[in-house]
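Given the structure is predicted, the values throughout are model-derived calculations rather than measurements. Residue numbers run from 1 in the order of the sequence given.
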Amino acid sequence: MAVSFLARDVSDLCLGKPPLRSLSTAATVADALAVLKNSDESFISVWLCCEHEKEKEQCRCVGKVCMVDVICYLCKEDNLLSPSSALNQPISVILPKDCSLVVHLQPSSSLLEAIDLILQGAQNLVVPILPTKRSGVSRRKQHLRASPTINSHNGCEFCWLTQEDVIRFLLGSIGVFTPLPALSLDSLGIISSDVLAIDYFSPASSAVGAISKSLTQQTSVAILDSDGTFIGEISPFTLASCDETVVAAIATLSAGDLMAYIDCGGPPEDLVRVVKARLKEKSLEKMLQEFTILSSCESLHSAFSSSSDEESPTRTMTRSGRYSRSSSYSARMVRKAEAIVCHPKSSLIAVMIQAIAHRVNYLWVIEDDCSLVGIATFSNMLKVFREHLETM
């Protein structure tokens with residue numbers, strides 16, 4: 001069984017994966033924002049295409065962007081004063097500078113190769129979708145080529161694999177790794193004490209750098225009280241369900257209040273009033289008016305213009321009132337801002353199941369008194385599995 005497992009290639013993990021929605025490097029931040037607001041997926045791939053006189057157009061995925069990239073970008077001081085101008089800038093200003101976060105991989109590559117690339121820092125593995133013999137495929141491709149949204153490159157479609165895909169695949173063959181899955185996190189050395197954290201009463205704006213870093217690390221920012229007790233988190237996974245207008249809250253609220261503001265169900269009325277008052281104090285009251293797509297953010301717009309309970313969004317909606325999402329494939333599914341936690345003695349398999357169930361790449365590890373021990377990430381779990389595979 002172990003031999004057959006090691007022989008698996010990445011095409012096995014690509015079954016059923018949707019083709020990537022993508023943007024050209026010629027797009028603007030506003031273009032990225034529009035696509036993200038109408039997409040079921042958290043990230044949009046960005047492609048660079050080069051034409052040669054005697055060769056076909058060659059395209060390569062050079063990165064990815066998400067709503068959190070847009071939000072952190074708009075939080076910069078100059079952009080707060082003129083967000084409409086900031087949105088018209090090229091997409092390169094929000095594209096992560098680390099090109100190794102997205103790596104191309106052939107479908108025939110081994111599972112071990114995929115794990116090694118992830119452990120080297122890759123977050124998304126771009127894999128060509130193998131053609132099928134189903135009828136209508138050619139007509140579908142012709143339709144995609146005619147579509148204004150780029151989905152096909154170099155004559156084929158692509159999908160990408162993430163840490164979650166690999167962990168989910170390993171969980172399906174967890175018996176191969178016995179007795180590893182039953183061991184505790186602390187005994188396996190999976191818990192990392194190197195965490196991003198901010199005090200509950202600190203300005204949320206002071207956490208923007210940590211939020212951006214946590215997005216790159218695929219982790220989160222812990223919120224602690226003065227005694228170091230774990231209170232909650234500001235998670236990129238939660239912020240990705242917001243829209244650009246959450247920048248107003250980040251610019252005016254404390255870290256603790258921001259945590260409540262971005263919770264599903266819409267921002268509390270008292271915090272909306274606080275944001276409006278502080279925007280006026282900072283001479284930023286025109287900021288929301290400058291967002292060119294504000295009118296599409298129905299629930300947040302109504303929150304700023306009405307205090308009626310009947311007009312506030314329900315818990316079945318995305319927390320910023322954006323277009324309804326697919327519940328089957330999106331890290332931007334509605335979920336509470338409540339942090340997902342475990343205990344140092346939790347077993348590896350229990351933590352894997354817990355993380356996958358909540359669509360996160362990490363769990364906070366806390367003691368019984370809520371003191372923060374550290375964080376357990378998919379990356380550290382994959383290291384343990386990779387080391388075990390070497391002994392098989």
Is there a side-chain contact between [X] and [Y] in this structure, where contact means two heavy atoms from C-beta onward sitting under 4.5 Å apart?
| X | Y | value |
| --- | --- | --- |
| L348 | M352 | yes |
| L87 | L74 | yes |
| D165 | K17 | yes |
| L13 | L111 | yes |
| D257 | V274 | no |
| P344 | L185 | no |
| S346 | Q354 | no |
| V103 | Q120 | no |

With Q123 as reference, evaluate Q217, Q163, K64 under the side-chain hydrogen bond (donor to acceptor under 3.5 Å, both in side chains) test and give the passing residue.
->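 Result: among Q217, Q163, K64, K64 is the only option passing the side-chain hydrogen bond (donor to acceptor under 3.5 Å, both in side chains) with Q123.
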Determine the minimum heavy-atom distance between [X] and [Y], stating which atoms define it.
| X | Y | answer |
| --- | --- | --- |
| I191 | V373 | CG2-CG1, 4.0 Å |
| E164 | F378 | CA-CE1, 3.8 Å |
| L224 | I231 | C-CG1, 4.1 Å |
| C66 | S42 | CB-O, 3.1 Å |
| S109 | D9 | O-CB, 3.0 Å |
| V68 | A240 | CG2-N, 3.8 Å |

*More than 12 heavy atoms of other residues, nucleotides or ligands under 6.0 Å from CD of E390: is that the case?*
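Correct, the count exceeds 12.
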Does C59 form a disulfide bond (SG atoms under 2.5 Å apart) with C49? I'd like the steps, not just the answer.
CA-CA 4 Å; C59 297; C49 296; 2.1 Å; yes
Practice problem: Run the numbers on D186 and S184 for side-chain hydrogen bond (donor to acceptor under 3.5 Å, both in side chains), then give the verdict. | Solution: CA-CA 6 Å; D186 57 356; S184 65; 2.5 Å; yes
Short question: side chain of [X], backbone of [Y] - any donor-acceptor pair under 3.5 Å?
| X | Y | result |
| --- | --- | --- |
| H358 | V360 | no |
| D243 | K37 | no |
| Y73 | A86 | yes |
| T391 | H388 | yes |

For S371 and D369, does a side-chain donor sit closer than 3.5 Å to a side-chain acceptor?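 Distance-only check passes for S371 and D369.
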Note to self: Is it the case that the side chains of T28 and D31 hold a donor-acceptor pair, with the cut-off being a distance below 3.5 Å and no angle test?
What the structure shows: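 Side-chain D/A pair, D31 to T28: present.
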Is the ring pair [X]/[Y] parallel, tilted or perpendicular, if the boundaries are 30 and 60 degrees?
| X | Y | value |
| --- | --- | --- |
| F43 | W160 | perpendicular |
| F237 | Y362 | tilted |
| W47 | H104 | perpendicular |

Rounded to the nearest 0.5 Å, what separates atom [atom1] in [X] from atom [atom2] in [Y]?
| X | Y | atom1 | atom2 | value |
| --- | --- | --- | --- | --- |
| D225 | F201 | CG | CZ | 8.5 Å |
| L363 | I375 | CG | CD1 | 8.5 Å |
| M67 | L33 | CE | CG | 5.0 Å |
| L188 | S347 | CG | OG | 9.5 Å |
| L119 | L112 | CG | CG | 10.5 Å |
| I234 | Y261 | CD1 | OH | 13.5 Å |

Exercise for the section: Apply side-chain contact (heavy atoms from CB on, under 4.5 Å) to the pair L171 and I349, showing each step before the final yes or no. Expected result: CA-CA 8 Å; L171 189 59; I349 188 171; 3.9 Å; yes
**Request:** Answer yes if V70 and L101 sit in the same cluster of Ile, Leu, Val, Met, Phe, Trp and Tyr residues linked by side chain heavy atoms under 4.5 Å apart, and no otherwise.
**Result:**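 They do not share one cluster, since no chain of ILVMFWY contacts under 4.5 Å joins V70 to L101.
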query: Given the rule in the side-chain contact (heavy atoms from CB on, under 4.5 Å) test, do S39 and I44 qualify, once you have shown the distances and angles that lead to the verdict?
result: CA-CA 9 Å; S39 173; I44 301 296; 3.9 Å; yes
>> The test is side-chain contact (heavy atoms from CB on, under 4.5 Å); show your working for V10 and F169 and say whether it passes.
In response: CA-CA 10 Å; V10 296; F169 187 79; over 6 Å; no
* Asked: Which is it for K282 and L80 under the side-chain contact (heavy atoms from CB on, under 4.5 Å) test, yes or no, and what are the steps along the way?
  -> CA-CA 11 Å; K282 294 174 177 283; L80 286 173; over 6 Å; no
